[in-house]
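Everything numeric in this text was worked out from a predicted model, so none of it was measured.
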Amino acid sequence: MKKYDRLIFASKGDTAAGPMAEAIMQSKYLLDELDVTSKGLVVLFPEPINPKAEAVLVSNGLTMKEHMSDPLVREDFNERTLILTFTDEVRQKVLEAFEPEREDLVQVLYRYVGESEGPENPYGGSLADYGKCFSQLEIMVKKLVVLLNEEELLC
């Protein structure tokens, strides 16, 4: 039996790192089907993906042009959903705002995959900054896929 049905990449605004991680993850092979999405903590109204983030995705053969930011809500939390943030700060805010029954289902991506630091926030930066964030996310998501596939084999 698979461990998770859903994976949510949670960020502050859901317009850059989250959608990029979602696109990368959706392009990878998983042993079992997994609903992958991204959500934001501060989403007052739907916004499209940041144009620089989309440009980087397109240059890597991916797209999220139809993506609109979506708020993280209480209904997103359950025993079969893994929520991955990009920073300790966002994880803490998620825990404080939603007080989930299982805090272990809210993790920081880079720690979860065994990296020493998370992706650099490209907000307000150059196209190169968004490219660097994409490259960092790609490494972490590849490790995440291996972890999730190993967990599926062990279940």
Side-chain angles (χ1 to χ4, degrees), residues 2 4-30 32-78 80-100 103 105-113 115 117-149:
K2 65 181 183 173
Y4 305 114
D5 293 323
R6 191 166 191 218
L7 170 65
I8 299 172
F9 290 105
S11 59
K12 287 183 182 176
D14 191 32
T15 59
M20 285 196 292
E22 178 184 348
I24 296 166
M25 187 72 181
Q26 289 175 345
S27 73
K28 303 300 180 197
Y29 175 75
L30 290 169
D32 216 332
E33 193 171 316
L34 183 66
D35 177 30
V36 178
T37 190
S38 63
K39 301 258 184 154
L41 280 180
V42 184
V43 178
L44 302 177
F45 51 88
E47 288 185 77
I49 186 170
N50 179 292
K52 291 177 185 173
E54 177 63 12
V56 168
L57 287 174
V58 169
S59 72
N60 285 279
L62 304 170
T63 185
M64 288 293 285
K65 68 180 179 186
E66 302 300 320
H67 175 82
M68 295 299 281
S69 60
D70 194 24
L72 188 66
V73 294
R74 183 160 308 283
E75 292 75 29
D76 289 323
F77 294 82
N78 65 58
R80 310 273 303 152
T81 300
L82 175 63
I83 298 174
L84 295 173
T85 67
F86 300 105
T87 66
D88 294 300
E89 174 192 3
V90 171
R91 179 180 186 268
Q92 192 58 41
K93 287 182 178 182
V94 167
L95 295 176
E96 289 169 5
F98 296 99
E99 299 177 348
E103 290 187 7
L105 293 174
V106 180
Q107 296 287 332
V108 180
L109 174 61
Y110 75 91
R111 291 185 194 286
Y112 192 77
V113 300
E115 288 287 312
E117 58 186 27
E120 291 182 30
N121 184 351
Y123 182 76
S126 67
L127 189 59
D129 294 329
Y130 282 82
K132 182 176 182 180
C133 179
F134 176 90
S135 297
Q136 293 167 329
L137 288 171
E138 190 169 39
I139 290 166
M140 289 177 217
V141 169
K142 284 179 182 176
K143 288 183 175 187
L144 176 62
V145 168
V146 170
L147 281 173
L148 293 175
N149 282 338

For this session: Evaluate the side-chain proximity of Phe134 to Leu57: yes if any heavy-atom separation is below 4.5 Å, no if none is.
Result: yes

Exercise. Is the backbone of Val146 close enough, under 3.5 Å, to the side chain of Asn149 for a donor and an acceptor to pair up by distance?
Worked result: no

For this session: Starting at CZ of Phe98, measure out to CG of Leu72 and round the result to the nearest 0.5 Å.
Result: 4.0 Å

For this session: Using atom types as modelled and distance alone, determine if a side-chain donor or acceptor of Asp129 lies under 3.5 Å from a backbone N or O of Glu120.
Result: no

Seminar exercise, completed: Rounded to the nearest 0.5 angstrom, the CD-SG distance for Glu138 and Cys133 is 11.5 Å

Exercise. For atom CD of Glu96, is the number of surrounding heavy atoms from other residues, nucleotides or ligands below 6.0 Å larger than 12?
Worked result: yes

Exercise. Does some side-chain heavy atom of Ile139 sit less than 4.5 Å from a side-chain heavy atom of Val113?
Worked result: no

Exercise. Picking from Thr87, Asp88, Thr85, what satisfies side chain to side chain donor-acceptor pair (under 3.5 Å) with Tyr110?
Worked result: Asp88

Exercise. For the atom pair CD1 (Ile24) and CG (Leu144), what is the distance rounded to the nearest 0.5 Å?
Worked result: 11.0 Å

For this session: Look at atom NZ of Lys12 and say whether more than 12 heavy atoms of other residues, nucleotides or ligands are closer to it than 6.0 Å.
Result: no

For this session: Scan side-chain atoms only and decide if Asn50 and Thr15 contain a donor-acceptor pair under the 3.5 Å cut-off.
Result: no

Exercise. So, for Ala53 and Tyr130, which heavy atoms are closest and what is the spacing to 0.1 Å?
Worked result: N-CD2, 3.7 Å

Exercise. Can you tell me how far the CD atom of Glu22 sits from the OG atom of Ser27, to the nearest 0.5 Å?
Worked result: 11.0 Å

For this session: Calculate, to the nearest 0.5 Å, the distance between atoms CD and CE belonging to Gln26 and Met64 respectively.
Result: 5.5 Å

Exercise. Charged N to carboxylate O under 4.0 angstrom, Asp14 versus Lys39?
Worked result: no

Seminar exercise, completed: Looking only at heavy atoms, the pair that brings Pro100 and Val94 closest together is CD-O, 4.4 Å

Problem set entry | Taking every non-hydrogen atom, the tightest pair across Phe45 and Ser69 | O-OG, 3.5 Å

Exercise. For Arg80, does its backbone N or O pair with a side-chain atom of Asn78 as donor and acceptor, under 3.5 Å?
Worked result: yes

Problem set entry | Closest non-hydrogen atom pair, Ala55 against Leu127 | CB-CD1, 4.0 Å

For this session: Using a 4.5 Å cut-off on heavy atoms from C-beta on, say whether the side chain of Ser38 contacts that of His67.
Result: yes

Exercise. Mind checking whether Arg91 and Arg111 have side chains closer than 4.5 Å, heavy atoms only?
Worked result: no

For this session: Using a 4.5 Å cut-off on heavy atoms from C-beta on, say whether the side chain of Leu105 contacts that of Phe77.
Result: no

For this session: Apply the side-chain contact (heavy atoms from CB on, under 4.5 Å) test between Leu7 and each candidate in Thr81, Ile83, Thr37, Leu34; give the one that qualifies.
Result: Leu34

For this session: Kindly check if the number of other-residue, nucleotide or ligand heavy atoms within 6.0 Å of OH (Tyr112) is above 12?
Result: yes

For this session: Check whether more than 12 heavy atoms from other residues, nucleotides or ligands sit under 6.0 Å from atom NZ of Lys132, and answer yes or no.
Result: no

Exercise. Does Pro119 reach the side chain of Met140, with side-chain heavy atoms less than 4.5 Å apart?
Worked result: yes

For this session: Kindly determine whether Tyr4 and Asp32 satisfy side chain to side chain contact (heavy atoms under 4.5 Å, CB included), including the steps that lead there.
Result: CA-CA 9 Å; Tyr4 305 114; Asp32 216 332; over 6 Å; no

Exercise. Of all heavy-atom pairs between Ile49 and Pro19, which one has the smallest distance, and what is that distance?
Worked result: CD1-CB, 3.6 Å

Seminar exercise, completed: d(Asn121 CG, Phe86 CZ) to nearest 0.5 Å is 10.0 Å

